[in-house]
Amino acid sequence: MDAFFASPEPHLCRNLRDACLKRTPAIVQSQPNLDPLIDFARSCVRGFYADPRSMESRFLYDEEGSALFEEITRQPEYYLTRTEAAILAAHAAEIRELTGPTRILELGSGSAQKTDHLLRAWLEQGGPTRYYPVDVSAAALSSACAGIRSRFPTVEVVGVQCQYREAFPVLAQLSPVLVAFLGSSIGNFTPQETLAFVRALAAALRPGDFFLLGLDLVKERSILEGAYNDQAGVSARFTRNLFARMNRELGAGIDLDAIEHAAWYRQDQELVEISARFTREQTFRLTPPGRVITIGQGELVRTEISRKFRLERVMPELEGCGFAAERVFTDDQGWFALLLLRRRPLYSPRRGWRRSL
Ligand code: AVJ
């Protein structure tokens, strides 16, 4: 299995198990021994030296970045959130009928506004409702937890601050569980990362557990490019914030006025590529590593990819990773899909029923 998704997190398992046993609302933090600044600085240095220069998208979501992303979701051009929320609103009750009273773990929960539809359906159909939002942004996570607790006082909420893969080892303990991964956040992964992610998720779940996956679908270029180039310029502020964060946390001293946001659809790869373009040469240094970096005039630093999907391509891939499609929901325009998948039980004539791939 891909090492990137394989690291078990004993700390997180223990902390999360403790938080669940005590039934205390809690924020569980992963990797208490890794200095977040060193993690960020190392990743930036690696990203600036990579060819093409490209950053890990997870660092877009500090407090500022998470707030800017929320603002993006409210822009008229950004149809994704609105479309997915409508699909959730229409089908949450049916989803709950199919899954039964599972726990819900949400990867990349952000503000967790869309999750209201799920929680409402879970509460209406009875049983204790336990919700585990997972997010890298501590600020977004604590405000999402507070929001859920005030809107749904009977829901037990345990926030988990970590990367997606770090939450996988706790899934077996949460079964029966529904893992929600909404907003087409999976589109940030390369095709190889996507396969590694889905395989690792399948291996972490028990047979019969559910995976609710939001996917943005391939569509006309002008609509896609509009969504990532909103008129109000929020997308541009979101891209620029990654470099502002380097200034705030790593003392980089990058001139943000000399950075432009660039996003276009690459039809050959069916993805939106989002970059920062340096409009003049800049030299700066990131601490702690202290390496000097020079970016030339006109150079691009990629901050994200956002892949767009075709159901006929993606369904067999998911099935090959150990998931069966229970239901596929879409909107009238066919712009966005919400997939309810189920971890398949595996039967081998030689070894009988197996828990993992
Ligand atoms: C959160 C990854 C789903 O790709 O649409 C939106 C991020 N970046 N505008 C997306 C994003 C710029 C978003 N995801």
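Each ligand, and each atom within it, is numbered from 1 in the order the structure gives. The model shown is predicted, which means the values in this text are computed figures rather than measured ones.
- Among all non-hydrogen protein atoms, the one lying nearest atom 4 (O) of ligand 1 is S306 OG, 2.7 Å.
- F152 is linked by a ring-ring contact (aromatic ring centres under 6.0 Å, His included) to nothing, counting only residues two or more places apart in sequence or in another chain.
- For atom 12 (C) of ligand 1, the closest non-hydrogen atom on the protein side is E304 OE2, 3.6 Å.
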- Item | CA sep, side-chain torsions, deciding dist, call: L174, D209, side-chain contact (heavy atoms from CB on, under 4.5 Å) | CA-CA 10 Å; L174 298 185; D209 283 340; over 6 Å; no
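- Considering backbone and side-chain atoms together, Y228 places an N or O closer than 3.5 Å to an N or O of ligand 1.
- With a 4.0 Å cut-off on non-hydrogen atoms, F189 does not touch ligand 1 at all.
- Checked against ring-ring contact (aromatic ring centres under 6.0 Å, His included), F238 has the following partners two or more places apart in sequence or in another chain: Y61.
- Nearest to atom 10 (C) of ligand 1 by heavy-atom distance, out of Y78, Y61, F238, is Y78.
- Of all protein heavy atoms, the one lying nearest to atom 2 (C) of ligand 1 is N188 OD1, 3.3 Å.
- Of all protein heavy atoms, the one closest to atom 3 (C) of ligand 1 is G183 O, 3.0 Å.
- Between the side chain of S142 and the main chain of A138, a donor-acceptor pair closer than 3.5 Å is present.
- Among F323, F189, F181, the single residue meeting the side-chain contact (heavy atoms from CB on, under 4.5 Å) criterion with V198 is F323.
- Not less than 6.0 angstrom separates the ring centroid of F284 from the ring centroid of F243.
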